[in-house]
Amino acid sequence: MLNIYNSLTQTKEEFKPINEGKIGIYVCGITTYDYLHLGHARMMVAFDVITRYLRASGFEVNYVRNITDIDDKILNRASENGELFSDLTDRFIDAMHEDEAALAVLSPDVEPRATGHITEIVDMIKVLIEKDMAYRADNGDVYFSVMNFPGYGKLSKMKMDELLDGARVEVGELKKDPRDFVLWKSSADDGVGWDSPWGYGRPGWHIECSAMSSCCLGDNFDIHGGGSDLLFPHHENEVAQSEAATGKRFANVWMHNGPLRVDNEKMSKSLNNFFTVREILEVYDAEVVRHLLIASHYRSPINYSEQSLQQSTSVLERFYNCLKGLDIVSAKSLTNSRFEKAFCAAMDDDFNTPEAFSVLFEMVKEINKSKETDTGLANQLGALLVRLANLLGILQSTPEEFLRSNIAVEVDEQEIDQLIAARKQARADKDWARADEIRDQLAAMKVVVEDGADGSGWRVER
RNA sequence: GGCUGGAUGGCAGAGUGGUCAUGCAGCGGACUGCAACUCCGUUAACGCCGGUUCGAUUCCGACUCCAGCCUCCA
């Protein structure tokens with residue numbers, strides 16, 4: 001039984017798909033005017049784990065994650081660069097795909113772009129105007145009329161009158177109510193835009209997601225996800241637009257991943273603690289970063305720091321040390337194991353990855369013990385460990401690949417092999433001084449020697 | 001000010017009305033020429049004040065503090 005926390009009801013609920021065995025999930029993707037940052041990566045990895053697990057649980061998943069490729073920030077940036085906005089977005093969409101692939105994030109099934117759905121957006125706005133849920137302002141902007149949608153605030157739990165208190169006083173008389181938000185923005189005739197019944201313009205941010213989700217998954221679908229910072233106003237506005245337009249319930253379940261902090265502060269450019277995925281991956285292994293992002297529950301805040309990265313490194317070293325020497329390729333993965341049951345029980349409980357990890361660590365201990373006594377069992381457990389870890393998107397390298405490479409360290413394998421051979425001779429001669437000297441030499445190269453019963457192995461120090 | 005969430009051992013981080021989270025670090029052993037890896041054992045926590053209860057870190061209420069959102073934001 002799968003339980004998911006629903007932001008709408010603020011409780012964990014037993015998950016029941018609309019159509020038996022099938023799940024439609026829509027996640028708010030990114031606005032593509034710059035490289036992916038760590039907060040984006042957190043969202044992508046969180047929903048990657050979720051969709052991986054849903055598929056492993058037997059569901060047929062249709063995972064839709066949109067791309068906002070028209071927006072003021074995009075237009076401003078393109079204008080600064082002196083390039084076409086579409087060239088800018090194409091460039092950063094490619095970069096996004098590279099970055100998420102590096103983090104082992106599987107591609108969504110559909111990646112709709114706002115600019116590819118202008119027709120649906122315009123159609124939805126037409127319906128909203130017909131239903132008196134939206135109106136055209138004098139300058140050609142179209143606004144959603146919040147006071148005409150009685151359910152406004154049900155997702156974010158914001159009260160209508162309190163919103164009024166908090167709303168900024170708008171300059172001009174375009175909006176009838178300060179809480180109203182834009183559906184269609186008029187553009188200058190020579191600017192970027194599309195023709196519409198209200199004049200030349202471009203879509204507002206919120207309406208894009210309403211139109212694209214309906215288009216890809218239908219008016220009512222199973223799960224809508226995104227970062228918790230999108231809950232208000234973005235998701236609240238989506239609910240209002242979609243339900244006002246269709247008269248049907250929008251998403252059944254709302255899932256929100258928690259924020260990412262850097263050294264316990266909100267990540268922002270002004271605090272100078274802003275990290276892009278690609279600059280982190282120049283220094284840290286992708287699996288280490290990925291582990292950091294799933295070591296906490298998806299709804300909890302994550303603190304990104306040098307120390308947390310170190311901890312994730314230690315964790316992965318423990319896993320890969322355990323896997324070292326196992327023959328998991330030809331071993332059959334255990335089925336119906338108590339470990340797998342415990343792992344699934346954790347994941348079935350609102351995707352509790354920290355608890356799932358604790359099961360994986362129990363397996364590590366069991367495997368390490370079995371290595372001496374029952375290699376067949378160790379191999380089988382190892383195969384299961386890799387299979388379960390795959391649902392989290394980690395342990396997908398071989399132990400050698402992981403332990404012997406480090407993006408931050410250059411190693412010369414030939415030289416290492418020579419030194420290890422020389423040390424082996426010294427040890428055979430019981431020339432411990434010489435053996436230790438060679439080990440120090442290797443250590444200076446960031447190489448750690450590990451002596452085993454069947455010879456000496458090595459790994460790179462992290 | 002409003003809304004939402006949180007406060008767990010040295011650090012990270014789950015969870016539970018009474019009995020073990022887990023990882024890192026620490027401590028004591030084993031293994032090792034010495035290490036590393038690994039194993040065995042072990043220390044250590046539930047913000048504060050009340051209430052419910054035989055018993056609360058876990059439920060209820062007050063308080064304090066923290067974070068996110070209320071403005072573009074994953």
Side-chain angles (χ1 to χ4, degrees), chain A residues 7 10 27-31 33-34 36-47 65 68 71-73 76 153 155-159 161-168 179 205 225-236 256-261 264-269 291-292 295-297 299-303 305 307-322 324-325 342 346 349 352-362 364-365 367-369 371-372 403 426-427 430-433 435-436 439-440 443 448-453 456-459 461:
Chain A
S7 304
Q10 299 169 288
V27 174
C28 289
I30 68 161
T31 302
Y33 68 101
D34 208 338
L36 239 48
H37 65 238
L38 209 48
H40 296 131
R42 160 68 141 171
M43 172 274 288
M44 290 178 166
V45 169
F47 287 98
R65 195 188 62 205
T68 296
D71 173 270
D72 284 352
K73 279 196 294 271
N76 293 341
L155 177 62
S156 62
K157 320 304 173 200
M158 304 281 250
K159 301 279 188 293
D161 49 345
E162 284 156 1
L163 282 170
L164 198 52
D165 293 342
R168 291 183 308 171
R179 297 164 299 192
W205 176 40
S228 55
D229 53 345
L230 296 187
L231 203 146
F232 188 88
H234 184 54
H235 291 161
E236 190 70 60
H256 290 97
N257 63 272
L260 185 121
R261 294 182 212 154
N264 276 317
E265 288 184 292
K266 184 185 162 84
M267 182 168 76
S268 74
K269 287 185 174 169
H291 175 269
L292 171 72
S296 305
H297 186 87
R299 284 190 281 118
S300 303
I302 289 181
N303 188 40
S305 67
Q307 193 192 19
S308 50
L309 242 5
Q310 275 306 319
Q311 292 216 6
S312 290
T313 300
S314 300
V315 164
L316 285 173
E317 284 186 331
R318 179 162 169 80
F319 278 126
Y320 278 114
N321 270 322
C322 167
K324 201 168 52 180
D349 183 17
N352 193 333
T353 51
E355 191 148 316
F357 268 114
S358 76
V359 177
L360 263 26
F361 284 118
E362 281 178 48
V364 167
K365 183 156 280 191
I367 292 167
N368 281 329
K369 282 196 273 189
K371 275 180 173 174
E372 299 294 312
L403 294 169
R427 293 182 73 213
K430 296 203 189 300
D431 182 356
W432 307 126
D436 290 349
R439 188 164 61 197
D440 290 345
V448 181
V449 193
E450 290 171 348
D451 298 334
S456 300
W458 60 273
R459 66 181 164 85
E461 188 184 326

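Proteins come first, then strands; the chains are lettered A, B, ... in the order of their sequence lines, and each starts at number 1.
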Roughly how many Å apart are B/A25 and B/A12, using the C1' atom of each and rounding to a whole number?
11 Å
Checking all strands, does A/G226 fall into the base, sugar-phosphate, or nothing category for heavy-atom contacts under 4.0 angstrom?
sugar-phosphate
Any donor-acceptor pair under 3.5 Å between the side chain of A/R318 and the base of B/C24?
no
If I pick the P atom on B/A7 and the same atom on B/U16, what distance separates them, to the nearest angstrom?
13 Å
Given B/G33, B/A74, B/G2, identify the nucleotide with an atom nearest to the side chain of A/W432.
B/G33
Quick one: which of B/A74, B/G2, B/G13 gets closest to the side chain of A/S296?
B/G13
Counting only side-chain heavy atoms from C-beta out, which of B/G13, B/C34, B/C24 sits nearest to A/S314?
B/C24
On a whole-Å scale, what distance lies between the P atoms belonging to B/G41 and B/U58?
31 Å
Rounded to the nearest Å, what distance is computed from the NZ atom of residue A/K430 to the P atom of nucleotide B/U32?
12 Å
With hydrogens left out and only the distance checked, is there a donor-acceptor pair under 3.5 Å joining A/D34's side chain and the base of B/C73?
no
Report which part of the nucleic acid A/D72 touches: base, sugar-phosphate, or nothing (heavy-atom distance under 4.0 Å, all strands).
nothing
On a whole-Å scale, what distance lies between the C1' atoms belonging to B/A35 and B/A44?
28 Å
If I take atom CG in residue A/N368 and atom P in nucleotide B/C40, what distance separates them, rounded to the nearest angstrom?
9 Å
Against the side chain of A/V315, the closest entry in B/G23, B/A14, B/A74 is B/G23
Base, sugar-phosphate alone, or nothing: which one does A/L260 contact when heavy atoms must sit under 4.0 Å apart?
base
Please list, pair by pair, any protein nitrogen or oxygen found under 3.5 Å from a nitrogen or oxygen in nucleotides 64-67 of chain B.
from, atom 1, to, atom 2, distance (Å)
B/A67, O2', A/R261, NH2, 3.0

Separation of atom CD1 in A/I302 from atom C1' in B/C11, rounded to whole Å:
16 Å
Checking all strands, does A/G29 fall into the base, sugar-phosphate, or nothing category for heavy-atom contacts under 4.0 angstrom?
sugar-phosphate
Ignoring backbone atoms, test whether A/N257 places a side-chain nitrogen or oxygen under 4.0 Å from the OP1 or OP2 oxygen of B/A74.
no
Quick one: label A/E372 by what it contacts on the DNA or RNA (base, sugar-phosphate, nothing), any heavy atom closer than 4.0 Å.
nothing
How many angstroms lie between NE2 in A/H291 and CG in A/L309, if you round to the nearest 0.5 Å?
11.0 Å
Between B/U8 and B/C3, how far is it from one C1' atom to the other, in whole Å?
26 Å
With heavy atoms under 4.0 Å as the rule, sort A/S308 into base, sugar-phosphate or nothing.
nothing
Would you measure the distance from the P atom in B/C20 across to the matching atom in B/C65 and give it in whole Å?
34 Å
Under 4.0 Å, counting only non-hydrogen atoms across every strand here, what does A/T353 touch: a base, just sugar-phosphate, or nothing?
nothing
Between CD of A/E362 and CD1 of A/I367, what distance do you get to the nearest 0.5 Å?
11.5 Å
Where each residue is assigned the nucleotide of RNA chain B containing its nearest heavy atom, which of A/G452 and A/D71 is assigned the position nearer the 5′ end?
A/G452
Could you check if a side-chain atom of A/F361 sits within less than 4.5 angstrom of a side-chain atom of A/V315, using non-hydrogen atoms only?
yes
Would you compute the distance between atom CG of A/L231 and atom NZ of A/K157 and round it to the nearest 0.5 angstrom?
8.0 Å
Give a yes or no answer on whether the side chain of A/T68 reaches the backbone of A/W205 with a donor-acceptor pair at less than 3.5 Å.
no
Considering only heavy atoms from C-beta outward, does the side chain of A/M158 approach that of A/R179 to under 4.5 Å?
no
Taking B/U43 as the reference, what is the distance to B/G26 when you measure between their C1' atoms (whole Å, please)?
8 Å
Under 3.5 Å, is there a donor on one side chain and an acceptor on the other for A/K324 and A/N321?
yes
Residue A/Q10, side-chain heavy atoms: nucleotide from B/A14, B/C70, B/U4 that is nearest
B/U4
Roughly how far apart, to the nearest Å, are B/U71 and B/C49 at atom P?
39 Å
Strictly below 4.0 Å: does A/K157 bring a side-chain N or O up to OP1 or OP2 of B/G5?
no
Which nucleotide in the set B/C69, B/U38, B/G33 lies at the smallest distance from any side-chain heavy atom of A/N321?
B/U38
Under the 3.5 Å Watson-Crick or G-U criterion, the dot-bracket string of RNA chain B, with | for inter-strand pairs:
(((((((..(((.....[...))).(((((.......)))))....(.(((..]....))).))))))))....
Do A/R318 and A/K365 have side chains that approach each other closer than 4.5 Å (heavy atoms only, starting at C-beta)?
yes
Would a 4.5 Å heavy-atom cut-off, applied to side chains only, mark A/N368 and A/V364 as touching?
yes
Does A/R459 contact B/A36 through a side-chain donor or acceptor facing the base, at a distance under 3.5 Å?
no
Please tell me which of the listed nucleotides, B/C40, B/G33, B/A36, lies nearest to the side chain of A/A435?
B/G33
Spatial distance of atom CZ (A/R439) from atom CD (A/E450) [nearest 0.5 Å]:
11.0 Å
Quick test of your reading: applying side-chain hydrogen bond (donor to acceptor under 3.5 Å, both in side chains), list the pairs with at least one residue in residues 226-236 of chain A, sequence neighbours left out, ordered by first then second residue.
A/S156-A/E236, A/H206-A/H234, A/H234-A/E238, A/H235-A/H256
Give a yes or no on whether a donor-acceptor pair under 3.5 Å exists between the nucleobase atoms of B/A74, that is its base, and the side chain of A/H37.
yes
Side-chain N or O of A/W458 less than 4.0 angstrom from OP1 or OP2 on B/C37?
no
Which part of the nucleic acid does A/L230 contact within heavy-atom distance under 4.0 Å: base, sugar-phosphate only, or nothing?
sugar-phosphate
Roughly, in whole Å, what's the span from CG in A/D436 to P in B/U32?
17 Å
Side-chain heavy atoms of A/I30 within contact of A/M43, under 4.5 Å
yes
Does A/Q311 or A/S228 map to a spot on RNA chain B nearer the 5' end, using the closest nucleotide for each?
A/Q311
Candidate nucleotides B/A74, B/C39, B/U22, ranked by approach to the side chain of A/S358 - the nearest:
B/U22
Does the base of B/G15 carry an N or O that pairs as donor and acceptor with the side chain of A/N352 under 3.5 Å?
no
How many whole angstroms separate atom CD of A/E355 from atom P of B/A12?
20 Å
Reckon A/K371 has a side-chain N or O less than 4.0 Å from the OP1 or OP2 of B/C37?
no
